[in-house]
There are 2 protein chains.
Amino acid sequence: MTATVETQPPLDETARAILDAASRRFLHYGYGKTTMSEIAGDCNMSTGNLYRYFPSKLDIAEAFVRRLRAEQTRLLREAVGKAGLSVQEKLRAFFKLKLTLVYERFHKRPKAYELSQEIMNERPSFADEWERAESRVLCEVLNAAAATGDLAVCDAPRTARILQDIFYRFASSSVYYEGEFDLLESELDDVLDLIWDGFEHRKSASAP
Amino acid sequence: MTATVETQPPLDETARAILDAASRRFLHYGYGKTTMSEIAGDCNMSTGNLYRYFPSKLDIAEAFVRRLRAEQTRLLREAVGKAGLSVQEKLRAFFKLKLTLVYERFHKRPKAYELSQEIMNERPSFADEWERAESRVLCEVLNAAAATGDLAVCDAPRTARILQDIFYRFASSSVYYEGEFDLLESELDDVLDLIWDGFEHRKSASAP
DNA sequence: GCGGTGAACGCTTTATAAAGCATTCAGTTC
DNA sequence: GAACTGAATGCTTTATAAAGCGTTCACCGC
């Protein structure tokens, strides 16, 4: 059983202290401007000792991003878990929240955004892992809807993947500039409407 | 009337010689490794004279990319113009060709790809212009289909925009690595199938 | 032996100087 | 006077040296 975004091996107390100290510095000064000596100093220990808890500086950064992402996954899962939502509302909630989270991270926590991007480039497998975690949330929604007959989905993982492709733009850096959020949001709505009509068509075609 | 990707003011003979010389160097060595002296030398003229035909080096590069893009637009238009194609086939041809063109440019003409990216970053308005040019091609397809009743489209530009959003992933740098082309192509197919079902649903809803 | 240290190593980033380049313009040619 | 030149200008890139940093490891205290 490998570790995933959701199921992390719990951290040693010392390891957590290191991660906390590093996180503060990463958020304020960024990855590059944070040194191992500083992190060690914050924890009242030597640099050498850091390596007893993390293999490298980049691994500390990965642990940091892993926390961010776990929190984000939790929020997404919470958004689609609200009682009384239709499938359509769940999908809309999912992708709107994702757009909002990316947008906010970019504009309000730029250091966290940069670090996240850097890790994704440096560790492609981590990016995959994260994409799979989101896919799992989507699959739960899709499978639940398929079970109640609200949706005609034969291959949930594949469908989730297709949805991720479709909404890729709304989770990428086209989100850069200020003042475009409302525009993106309304386009996202229109995209979802079209997708939804596609699902409706499939439902009436498969069970007329 | 402003110049667009399609309607370029025809170039002076000297200007064309400059652009041709610059293009050769851009393609072989890239933008940064090409100097104005070299371009001038290739044309048997002085550096100063280049500025009688182009305001700056970047403008030569823009003219170069403009050519590339005009050719690409021509190919896209040709693809959707083939006789006997249904709307669905036209849309599929359009986005598949676009995926192929981006992929090929990236892998087979990396210098051209880089230069294209650089211009898009340096001149956002050029990127907009290009997006509008593609939108126009899509709108022609959509409007023609709406006229024959093959498609229920009330706002063609908006719909074109939505389609561009949806297929954004297939025209961006997720296309980086080798061997993923077939995978992307099959995902593109699935996306188009879903979109198509959406259009079908709208047609039957608007004219039952 | 477990938790911890800090000097030593080699790579990377930065500071600084040198070189190269895009751009300009007074002047030349025809 | 329209087409063109090439040396002068100042900004940008590169080459090089110096400083800084991540990482290791032989060595302590308990």
Side-chain angles (χ1 to χ4, degrees), chain A residues 9-66 110-111 114-119 121-123 126, chain B residues 9-66 110-111 114-119 121-123 126:
Chain A
L11 287 176
D12 190 336
E13 184 180 345
T14 310
R16 205 165 52 243
I18 293 171
L19 181 50
D20 288 342
S23 299
R24 279 191 295 275
R25 294 214 173 249
F26 287 159
L27 280 171
H28 288 326
Y29 310 110
Y31 180 74
K33 294 250 177 295
T34 297
T35 73
M36 291 299 263
S37 325
E38 287 169 343
I39 299 173
D42 291 349
C43 302
N44 298 313
M45 58 175 69
S46 63
T47 60
N49 200 37
L50 295 177
Y51 291 85
R52 292 181 37 79
Y53 296 90
F54 292 94
S56 75
K57 186 183 175 186
L58 194 62
D59 286 281
I60 304 183
E62 183 179 314
F64 169 72
V65 177
R66 213 173 268 280
K111 300 295 182 194
E114 278 168 35
L115 190 40
S116 197
Q117 293 293 105
E118 209 162 321
I119 293 287
N121 283 334
E122 215 70 34
R123 304 256 164 103
F126 181 72
Chain B
L11 286 177
D12 189 336
E13 185 180 346
T14 310
R16 205 164 52 243
I18 293 171
L19 182 51
D20 287 343
S23 299
R24 279 191 295 275
R25 295 214 174 252
F26 287 159
L27 279 171
H28 288 325
Y29 310 111
Y31 180 75
K33 294 253 177 293
T34 297
T35 72
M36 292 299 264
S37 325
E38 288 168 342
I39 299 173
D42 291 349
C43 302
N44 298 312
M45 59 175 70
S46 66
T47 60
N49 199 38
L50 295 176
Y51 290 85
R52 291 180 37 78
Y53 298 90
F54 292 93
S56 75
K57 185 183 174 186
L58 195 62
D59 286 281
I60 304 184
E62 183 179 313
F64 170 71
V65 177
R66 213 173 268 280
K111 300 295 183 194
E114 278 167 35
L115 190 39
S116 196
Q117 292 294 105
E118 208 163 322
I119 293 288
N121 283 333
E122 215 72 34
R123 304 257 164 102
F126 181 72

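Only this structure's heavy atoms are used, side chains among them; waters, hydrogens and symmetry mates stay out.
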Could you please name the option among dT23(C), dT23(D), dT5(C) that lies closest to any side-chain atom of Ser56(B)? dT23(C)
Roughly how many Å is it from CG in Leu58(B) to P in dC21(C), rounded to a whole number? 18 Å
Electrostatic pair Arg123(B)-Asp59(B), nearest N-O below 4.0 angstrom: yes
By nearest atom, which of the nucleotides dT5(D), dC21(C), dA3(D) is closest to the Thr35(B) side chain? dC21(C)
Regarding the side chain of Thr47(A), the nearest nucleotide among dA7(C), dG4(C), dA7(D) is dA7(C)
Side-chain heavy atoms of Glu118(A) within contact of Asn121(A), under 4.5 Å: no
Would you mind reading off the distance between Leu50(A) atom CG and dC21(D) atom C1', rounded to a whole angstrom? 13 Å
To the nearest angstrom, the CE-P distance between Met45(A) and dG3(C) comes to 12 Å
Beyond-backbone contact of Leu58(A) with Ile119(A), side-chain heavy atoms, under 4.5 angstrom: yes
Given dG6(D), dT14(C), dT14(D), the nucleotide with the shortest approach to the side chain of Lys33(B): dT14(D)
Counting side-chain heavy atoms from CB outward, which of dA3(D), dT5(C), dT24(D) is closest to Tyr53(B)? dA3(D)
When the distance from OH of Tyr51(A) to C1' of dG4(C) is rounded to whole Å, what number comes out? 15 Å
Worked check of side-chain contact (heavy atoms from CB on, under 4.5 Å) between Tyr51(B) and Met36(B): CA-CA 10 Å; Tyr51(B) 290 85; Met36(B) 292 299 264; 3.4 Å; yes
Could you tell me how far apart Tyr31(B) (OH) and dA22(C) (P) are, to the nearest whole angstrom? 8 Å
Residue pair Phe126(A) / Arg66(A), side-chain heavy-atom distance below 4.5 Å: yes
Base, sugar-phosphate, or nothing for Phe54(A), non-hydrogen atoms under 4.0 angstrom? nothing
Among dC4(D), dG3(C), dT24(D), which nucleotide sits nearest the side chain of Asn49(B)? dC4(D)
Starting the side chain at C-beta, find the nucleotide from dC4(D), dA22(C), dT5(C) nearest to Ser46(A). dT5(C)
Calculate the interatomic distance between Lys57(A) atom NZ and dT23(D) atom P; express it in whole Å. 8 Å
Nearest whole angstrom, please: distance from the P of dG6(C) to the CG of Asn44(A). 12 Å
dC25(C) P sits how many Å from Arg52(B) CZ, rounded? 15 Å
